[in-house]
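Remarks on the structure that follows.
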Number of protein chains: 2
Amino acid sequence: MLIAEVSEKFELSQDTLRYYERIGLIPRVNRKTSGIRDYTEEDCRWVEFIKCMRGVGLPVETLIDYVRLFQQGEETLETRKELLVEQHKELLTRMADMQEVLERLEGKIDRYDQLIGAARHITGFSPVNFAESKGK
Amino acid sequence: MLIAEVSEKFELSQDTLRYYERIGLIPRVNRKTSGIRDYTEEDCRWVEFIKCMRGVGLPVETLIDYVRLFQQGEETLETRKELLVEQHKELLTRMADMQEVLERLEGKIDRYDQLIGAARHITGFSPVNFAESKGK
DNA sequence: ACTTGACTTGGAGTTAACTCCAGAGAGTAA
DNA sequence: TTACTCTCTGGAGTTAACTCCAAGTCAAGT
């Protein structure tokens, strides 16, 4: 697979794909004789995995570590697992924070609804006469 | 309240507090005659709110918009609410993505556990003789 | 009066993660 | 052969969000 297709398929720019490879965020992709990248199925799986992990904010650094460990072979199984466990934990924490904010926003939105209701009552505003009341 | 206390209380650097104010991420804080910031209770509530929202990644730009709308008064109630609703939606989406990654990580961790179990069986590795087997 | 320490401003520097670009080479089409 | 398109590399530029710094002010302590 050429870089253009991979770029299309995973919605990552060609520059980003080359960048990811350059910094070791995905393993080196083989080249044809002409020097052009030829992505294998496995390369694609790496791209997909990295895109997915980056998408929820796992740091590039950490993922580079993971790829490096992977390339070092079986002796790093334990370390790799620990890395994933750590990231799992981080994600849980972040989701808990987000859950709280979510609820806080819901509370705020409810209060806005009340305020807007009250304002509508006082000013005579309603979605129906919104257009006319605008210029007043 | 002086900036040092606010910084302490919310675990934001003084530089960050001044930066937030400069870009309009929190409303302008009043100064004493000598020009030194004197945070009110309300200023503190803004700091806390902004810290909380930034903590889960709401963009600075969006929050600046919110503060600006707030300062424009009651006519922006509807817009402010919509802004919050939008951010709420974004958060939900992000949390759904994170939930998927969370599960994917769990799957991967399980598979690592199996691999490690298998490796232990073959190599005789176990937590108990880990220290000795290290140098081998 | 002088020193000390906390604070001020405006502006420059940093970090993470891309994103863009110039110059060059290979492969195909007319 | 010339033109065109895709790709390559190394390096410079960008963006968001801080973070640091220099030079100066002010109030309190000695």
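To find a chain, count down the sequence lines: A is the first, B the second, and so on, and within it residues start at 1.
- Distances shown here put every side-chain N or O of Ser13(B) at or beyond 4.0 Å from the OP1 or OP2 atom of dC18(D).
- Not one side-chain nitrogen or oxygen of Arg18(A) sits closer than 4.0 Å to the OP1 or OP2 atom of dT9(D).
- When rounded to the nearest whole Å, the span between CD1 of Ile3(A) and C1' of dT5(D) equals 15 Å.
- For the pair Gln87(A) (side chain) and Leu84(A) (backbone), a donor-acceptor distance under 3.5 Å is absent.
- In plain terms, the two heavy atoms of Cys44(B) and Phe10(B) that are nearest each other are O-CZ, 3.6 Å.
- Of the candidates dT7(D), dT19(D), dC7(C), the closest approach to any side-chain atom of Ala4(B) belongs to dC7(C).
- Both Leu92(A) and Val101(A) are members of a single hydrophobic cluster when ILVMFWY side chains are connected at heavy-atom separations under 4.5 Å.
- In this structure, Ser7(A) and Leu12(A) approach most closely via the heavy-atom pair OG-O, 2.7 Å.
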Taking N or O atoms only and anything under 3.5 Å, show me the protein contacts with nucleotides 13-17 of chain C, one pair per line.
none

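- Remark: Lys108(B) is positioned above the aromatic ring of Phe49(A), its terminal NZ or CZ atom under 6.0 angstrom from the ring centre and at most 45 degrees off the axis.
- At its two ends the helix from dA1(C)-dT30(D) to dA30(C)-dT1(D) runs along axes set 20° apart, each axis drawn from five pairs and the angle rounded to 10°.
- Applying the ring pair (Phe, Tyr, Trp, His ring centres under 6.0 Å) criterion to Phe70(B), with sequence neighbours excluded, gives Trp46(B).
- Residue Thr76(B) forms a side chain to side chain donor-acceptor pair (under 3.5 Å) with just one option from Glu74(B), Gln72(B), Glu78(B), Arg80(B), and that option is Arg80(B).
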Listing, residues 54-66 of chain A side-chain donor-acceptor contacts under 3.5 Å, not counting sequence neighbours, or none:
| from | atom 1 | to | atom 2 | distance (Å) |
| --- | --- | --- | --- | --- |
| Arg54(A) | NH1 | Leu58(A) | O | 2.5 |
| Asp65(A) | OD1 | Arg68(A) | NH2 | 2.6 |
| Tyr66(A) | OH | Tyr112(B) | OH | 2.7 |

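- With rounding to whole Å, Leu17(A) atom CG is found 17 Å from dC6(D) atom P.
- Within residues 21-50 of chain A, the residues approached by DNA chain D to less than 4.0 Å at the level of any non-hydrogen atom are Arg22(A), Arg31(A), Gly35(A), Ile36(A), Arg37(A), in residue-number order.
- Within the model, atoms CG of Leu102(A) and NZ of Lys89(B) stand 13.5 Å from one another, a figure rounded to the nearest 0.5 Å.
- Atom CG of Asp15(A) and atom C1' of dC6(D) are 14 Å apart (whole Å).
- Among residues at least two apart or in separate chains, salt bridge (charged side-chain N to carboxylate O under 4.0 Å, His left out) pairs with a member in residues 35-50 of chain B are Arg104(A)-Glu48(B), Glu21(B)-Arg37(B).
- Neither Val29(A) nor Ile36(A) shares a network with the other; the hydrophobic side chains, linked directly or stepwise wherever heavy atoms of I, L, V, M, F, W or Y lie under 4.5 Å apart, form separate groups for each.
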